[in-house]
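What follows is a short report on a single structure.
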Amino acid sequence: MSPLEWISNLLLGAGLLCLFTGALGLYRLPDFYSRTHAASIIDTAAAALVVVGLALRSDSFATIVRLLLILLFMFFTSPTASHALAQAALQDGLRPWLAKRPRKTRARSGGAAE
Amino acid sequence: MTALFDALMQNPAVALWIAPLIPLAAAASSALLGGRRNLREGITVTAGVISAALAVALWPHAEAGLRVTLWDWLPGLTLAFELEPLGLLFATVASVLWPITSVYAAGYLRGNDEQHQSRFFACFALAIAAAIGIAFSANLITLFICYELLTLSTWPLVTHKGNADARKGGRTYLLILIGTSVGLLLPAIIWTYVLSGTTAFRSGGILAGQAGNATLTVLYALFLFGIGKAALMPFHRWLPAAMVAPTPVSALLHAVAVVKAGVFTVMKVSIYTFGLDTIRSSGAGELMMWVAALTMLTTAAIALTQDNLKARLAYSTISQLAYITLGAALAVKTAVLEGALHIATHAVGKITLFFCAGAIYTAAHKTRVSELDGMGMRMPYTFAAFTLASMSIVGLPPLAGSWDKLLLMEGALDAGFPLMMGVLMLGSLLSLGYLLPIPIRAFFRPAPGAASDDRVITDFPDGDPPPRPVPMQEAPLACVVPLCITAVTCVAMFFLEDRLIAPLARVLEGP
Amino acid sequence: MNGFVWIDIVLFTILAATAVGLARTRQLFAAAMLSGLFSLTSACIFVLQDAVDVAFTEAAVGAGMTTVLFLGTLALTRSREKVTPPRRSIPAALIAIFTGGVLIYASTDMPPFAAADTPVQQHPLTQRFLDDSMTEIGVPNVVTSVLASYRGYDTLGETVVVFTAAIAVLMLLGRGRPATSAEPKPREALPQPIQHDQRVLRVVSKLMLPFILLFALYVQFHGDYGPGGGFQAGVIFASGLILYALVFGLDAARAAVSPAALRRMVPLGVLIYAGVGFATLLLGGAFLDYNVLDAHDPAHGQHLGILLVELGVGITVTAAMLMLFYSFAARGVGR
Amino acid sequence: MIAHLPILQVALPLLAAPLCVLLRSARAAWWIYLLASVAAFGSALLLASSVATHGPLHYAVGNWAPPFGIAYVIDAANAFVLVLVSGIAVATAIYAPRSIAAEIDPQRVYLYYACLCLCLTGLLGIVATGDAFNVFVFLEISSLSSYALIALGKRRQALLAAFRYLVMGTLGGTFVLIGIGLAYAVTGTLNMADLAQRLPALYGNRTLTAAVGFVSVGLAIKAAVFPLHAWLPSAYAEAPSAAGVFLSATGTKVAIYAFLRFAFGIFGAGLVFGHLPMSALILIVGTAAMLAGAAIACYQDDLKRILAWSSVGQIGYIVVGLGLASQQGLSAAFLHISAHALIKGGLFATAGIVALRLGTTRIDALAGLARSAPAVFVALLLGGLGLIGVPLTAGFVSKWALVMALIEADQWAVIAAVLLSSLLALVYVGRIIEVAWFREPPLLADTAQPSTPAPMALAMWGLVGVSLVAGVYAAPLSRAATAAAAALLGTAP
């Protein structure tokens, strides 16, 4: 096994670990925001690790470029999606768990929801 | 005009085509002319006279065995007309009585201010067309189509008044007639077609040897019950129900077209589909004979109990129709001739009776037998006609109805059912019982309380009012003249009858 | 058992679980998301079966577009299903069970999956498509050959189906009832412009949009060589614009692609497709016989024909999808 | 030119639909629809005459010889249905403008015509094609457009009716698709002739049996065959009048034709009626349909609903005819397909005029119609007589043929049911006529009614008139039906 494959395996393993963590978090965490956090681990870290791991295994340049492009797009879209999700929930007036008192969000939207 | 007529007579086939077209044209013009009463009724009566003349003029050709194919409709379905004595007799009855009834109807409808007169005349003419179609049908299919057309075209006449009662009566009328024809007659026709491969009417029948006796008996029963217009019990309810109609319609139903179409179909099926020999040899007729006898006696008994004049006449019709069915079911020559003759004589007699009933209603607005006391002097022509017609129906000589009762008794003997003689006599007695009291009451019982119904006098402190001369108060002339004509015909036919049935007799004797 | 079988089993399990979840949930938002998941899983299964084009379509239409339309509809209605008494669903359940039973019964005589000697594999049809399409049509992607040329008429029909759906929706939702025009303008349902301080979304969307549209064009024109074609491209194109509408507001999207333009584009695509058919008729060939488009080089005629009809499909699908979205999004919720 | 007619008569309405949408003018859309339907009708007539003289026509779309491409095959059977469907489309085109103007928001009218074009395309496509999958594609086109056509009904219930139709129709369409897919799985081909050639070797195959079942049930839903008819009454009753005329006359008929084609042209009579007990099943279902449909029609209080329920019953006659799977039975089915299409189209046209004049089609509101609108009433009467099957109407011709076929098959119980349901038809038609003719209108009704627009009257009389002519001068229609049946059975000379 070449070193490249070793690294690839390592990355894939790490990716799987992240995936598992994310899934576990999604299942176990108490409220929407923390679950979003867990889900975003899958979206970002796990996906990126797996993609890079796969890229290292590929022997075709075109495939590597495609994988890297996927990585690039995920780099932009996944955090944005998580952000948008959280933002939407916040705007809708969903209060994070553990917050001692509701942080007054925008008077317009928050007030309307409550 | 006469030249045209002569030309037609040279080509009886064309005349056969034209015969139903004349009333159809009258129907169309009545529908289109709408409110112009005089023109509309003028056309109707003219058409009636023409078609009566046409029918009479066809008599010399009665035995020519003329056949016209109208068109080949579908494989196995040919519409065709045929000229034969029995059909011509019926066609003549229908088309001669049509103009007379039209005149009467014009008087009646105007006298009673009825609505929808155009619809009335159009449907009436349509019904005549259908009746003539039935008369000339050369096969069961053509007959069935015209039969249904007759039912449908008379429905608006029965429902004429449009109120809840009339609609209910119309529903009963339509349901029983179409129910029996579609539910029993049509299957019978189909069965016949399956058995014999044809539906054409043939001398001697088409079913001889095509099926076993049991099958033939069932089939004959299907036919006779299916022809609801012949009003065998238990399918007679439509006739009393149709009494809601105006009187000219009742005349049409009872005398001119509808019930006559029914019994005519019975005769036609018996003679030309089964064949008299087949009916006799298979025993198919025996069952129906008893049904007819039962119908005759039962409905005559019911007629005795009816106080409503038209209802009494209606049950009388049912009873008289059974004579014809009985004649057909006896299936001997004399009995069948009786049936044919009775179609004509009963038509003339019963139309007179209904004309009278209508005239009484128009003139005095009386509908019950018990109200007729003393009416004879007020409406002498009407009640004279009534008396004549009643006696004809009962079968007293020298009136039209006497011959056929005699022939039927002869037929019963010929067929070997002497017991039937007793039944027939009882029937005649019953008819005497329900018809003759009416003129007797009218002529010999004094009018109740008031002398005239538009001036009710109640203030006679000391007993009965003094008798005073009763003013004559007949119905309009258009009503009275027709009923006098038909009454006279009752007498005249007594002397003409052998001419009416001679061609049929020759046909029945066969080649 | 090789690994693919295990993947199949896992995917089918997920599919079944999703289906059960879909049937049981009363949360309509959750149902919408689950149906998206269902489509995505199906798409994965299609990929495993080497039906990449189908998977592509399923992912784009089923997982993407349909979900957006579901959400758009939900914005107009309540997000919870009315509680129905449980007995009402018994006949439906019976029908479903019966249908499933018949399908299982049918599968017992079905040719084994992926075997080489099935009727489908052995039929001359398959042989000809695989062996001769390169010479007859000259397009490497056999799926495209079959779709756009051999069975191009079916594809025309499918395009007309999309067109029909679009005008049906336009007819039913297109304009508010005349009475509402007098009322104050109702609050629009879905895309209100997101607040200006939410720069992340705006910036990232702006960044991504050109790529999405470019990708759509790539799918549109690369369909001859790889998976893709007018249907998928149209859906992707429409998704890009819908994203734009979601982030920047419906008015901005309308300014970019006006509803009036859409109303012309939907029929235009069908017209292009059918027009190619009539053109071939006029050139003396059969309906949709692309060979006659180039008198000298039939294969080139095929290329040209396929290009044109795929363009027609793409235009109609894009416009139809966008129109569906506009129609739903623009409906007032001021009831 | 005649060589291209098979495709032209489908493609022209197809081309017409986008044109309607592009031009965005109600008037232009109407002209386009009219021209497209006239063109389709003309092509269908030419095709029928060509088929009658020269035998079946084959057309390979894209010039790909079948089974590689999609083929159109026109024989006596589908030429018959094509003429019928496109002819009704012409009548609808004449009928539509005034009725649509009264019922539909003017801004949507051009879309409505586009939908009518699409529906026509779909129905013609189903009939003309020789490819099993192509049937499904055009089935979808016709279904989607008919949902839209129905949903635009004036009352709010129309939406619900269209939705129910959509749910059931989609189920039906899916079943058909599954059936076609299963047949493909065991043969590898979609061409009808090719399928027909390969399937006999597979009789007894469970996949094939299931395919027959799915296709049959799917098309039975589309054809509203009795236990699966639930969508029909409200859909046809709530649809705008013009759509009611078109759909009631053609929709279910085409589905039945499709079933005939699948049963005889693909699966084969040997499988469907020999190997499987479909014949008995179909006879039972058809008998139940004609009794139940007619019986329920007797209890309706709305003209359009009576007509719609009557359709459920009348479909039963067609189904019984095809269930016999004999030459006579099939030609009776074809006869009744045409007879009922004409009669019911004419009656829905009449109902549309009634709706326009009175603003409602409730039975009670019809009182006095015979005097206020005699022409409309006479059309109603004549159509009603046709439904009952009174002699000299087209309804009698087809019923007679059906009864003859039943006699040949010794199905006496079914004959009894046919007669009974004719009596029930008498009851529901009689109710309409009785109210319209004999009941006096309420005094308030003297307010001026809008008169009958001439084009609507023309279309109504066209349909009723043709049905009457077909009833009286029945031989040509009967010959065409016989030829159609022979073509399906493969016994054509």
Side-chain angles (χ1 to χ4, degrees), chain C residues 95 99 102-103 105-111 118-126 128-129 136 149-158 160-161 163-165 167-172 174-175 177-178 263-264 266-271 274-275 277-278 280-281 285-292, chain D residues 4 7-8 11 14-15 17-22 24 59-64 67-70 105 107-108 111-112 114-115 118 121-122 125 131 133-134 137-138 140-141 144-145 147-148 151-152 159 171 175 178 182 184-190 194 198 205-211 213-214:
Chain C
I95 291 172
T99 310
V102 175
L103 279 173
Y105 168 81
S107 71
T108 52
D109 254 0
M110 211 114 91
T118 62
V120 176
Q121 299 294 337
Q122 291 188 321
H123 194 276
L125 206 66
T126 312
R128 169 142 175 199
F129 287 164
E136 284 177 345
S149 186
Y150 289 112
R151 298 190 69 87
Y153 189 59
D154 271 348
T155 311
L156 173 60
E158 295 294 358
V160 175
V161 170
F163 168 69
T164 312
I167 64 170
V169 169
L170 191 65
M171 202 152 70
L172 291 174
R175 292 188 180 220
R177 290 164 195 280
R263 259 201 298 275
R264 293 198 186 90
V266 176
L268 186 69
V270 177
L271 219 52
F278 278 95
T280 57
L281 269 185
F287 194 74
L288 291 175
D289 177 5
Y290 309 135
N291 282 348
V292 295
Chain D
H4 290 298
I7 191 77
L8 274 179
L14 190 153
L15 189 70
L19 282 179
C20 288
V21 180
L22 270 184
R24 299 197 64 191
Y59 188 87
V61 182
N63 209 15
W64 298 113
F68 304 106
I70 292 165
D105 171 18
Q107 288 177 326
R108 304 178 195 198
L111 291 172
Y112 204 76
C115 261
L118 287 169
T121 309
D131 187 279
F133 185 74
N134 204 238
V137 172
F138 280 86
E140 285 300 290
I141 296 177
L144 273 179
S145 48
Y147 307 147
L152 240 56
L159 286 174
L171 198 65
F175 274 18
I178 293 175
L182 292 176
Y184 176 75
V186 291
T187 56
T189 184
L190 290 168
D194 199 17
R198 279 160 201 276
N205 181 303
R206 287 191 285 264
T207 308
L208 183 57
T209 309
F214 274 114

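Chain naming here is simple, since letters A, B, ... match the order of the sequence lines and numbering starts at 1 in each. Everything numeric here is computed off the predicted structure, so don't read it as measured data.
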*If you tally heavy-atom pairs under 4.5 Å against chain D, which of Leu288(C), Ile95(C), Val292(C) wins?*
Leu288(C)

*Measure the acute angle between the ring planes of Trp64(D) and Tyr150(C), then classify it against the limits of 30° and 60° as parallel, tilted or perpendicular.*
tilted

_Thr118(C) vs His123(C) side-chain heavy atoms within contact, under 4.5 Å_ = no

_Please confirm whether the ring centroid of Phe175(D) lies under 6.0 Å from the ring centroid of Phe214(D)._
yes

*Using non-hydrogen atoms only, which part of Thr189(D) is less than 4.5 Å away from chain C: side chain, backbone, both, or neither?*
both

_Which one wins on heavy-atom pair count under 4.5 Å against chain D: Gly152(C), Pro124(C), Gly277(C), Ala274(C)?_
Pro124(C)

*Can you tell if the side chain of Phe278(C) reaches within under 4.5 Å of the side chain of Leu8(D), non-hydrogen atoms only?*
yes

*Interface moiety of Leu118(D) toward chain C, non-hydrogen atoms closer than 4.5 Å*: side chain

*For the residue pair His4(D) and Tyr59(D), is the inter-centroid distance of their aromatic rings smaller than 6.0 Å?*
yes

*Could you check which of Ala210(D), Ala148(D), Gly62(D) has the highest count of heavy-atom pairs closer than 4.5 Å to chain C?*
Gly62(D)

*Please state whether the side chain, the backbone, both or neither of Leu182(D) comes within less than 4.5 Å of a heavy atom of chain C.*
side chain

*Heavy atoms only, distances under 4.5 angstrom: which of Leu19(D), Leu171(D), Thr187(D) has the most pairs with chain C? Name it, please.*
Thr187(D)

*Under the side-chain contact (heavy atoms from CB on, under 4.5 Å) criterion, do Leu271(C) and Leu15(D) qualify, and how do the steps go?*
CA-CA 7 Å; Leu271(C) 219 52; Leu15(D) 189 70; 3.8 Å; yes

*Just wondering, are more than 12 heavy atoms of other shown residues or ligands nearer than 6.0 Å to CZ in Arg264(C)?*
no

*Please flag which part of Ile70(D) lies under 4.5 Å from any non-hydrogen atom of chain C: side chain, backbone, both or neither.*
both

*Determine whether Val186(D) and Met110(C) make a side-chain contact, defined as any pair of heavy atoms from C-beta on separated by less than 4.5 Å.*
no

*Pairs of heavy atoms under 4.5 Å with chain C: top-ranked of Phe138(D), Tyr112(D), Phe133(D)*: Phe133(D)

_Under 4.5 Å from any heavy atom of chain C - which part of Ile178(D)_ = side chain

_With chain C as the partner, which of Ala17(D), Gly69(D), Ala11(D), Pro18(D) has the greatest number of non-hydrogen pairs under 4.5 Å?_
Pro18(D)

*asked:* Does any backbone or side-chain atom of Ala211(D) lie under 4.5 Å from a heavy atom of chain C? Answer side chain, backbone, both or neither.
replied: neither

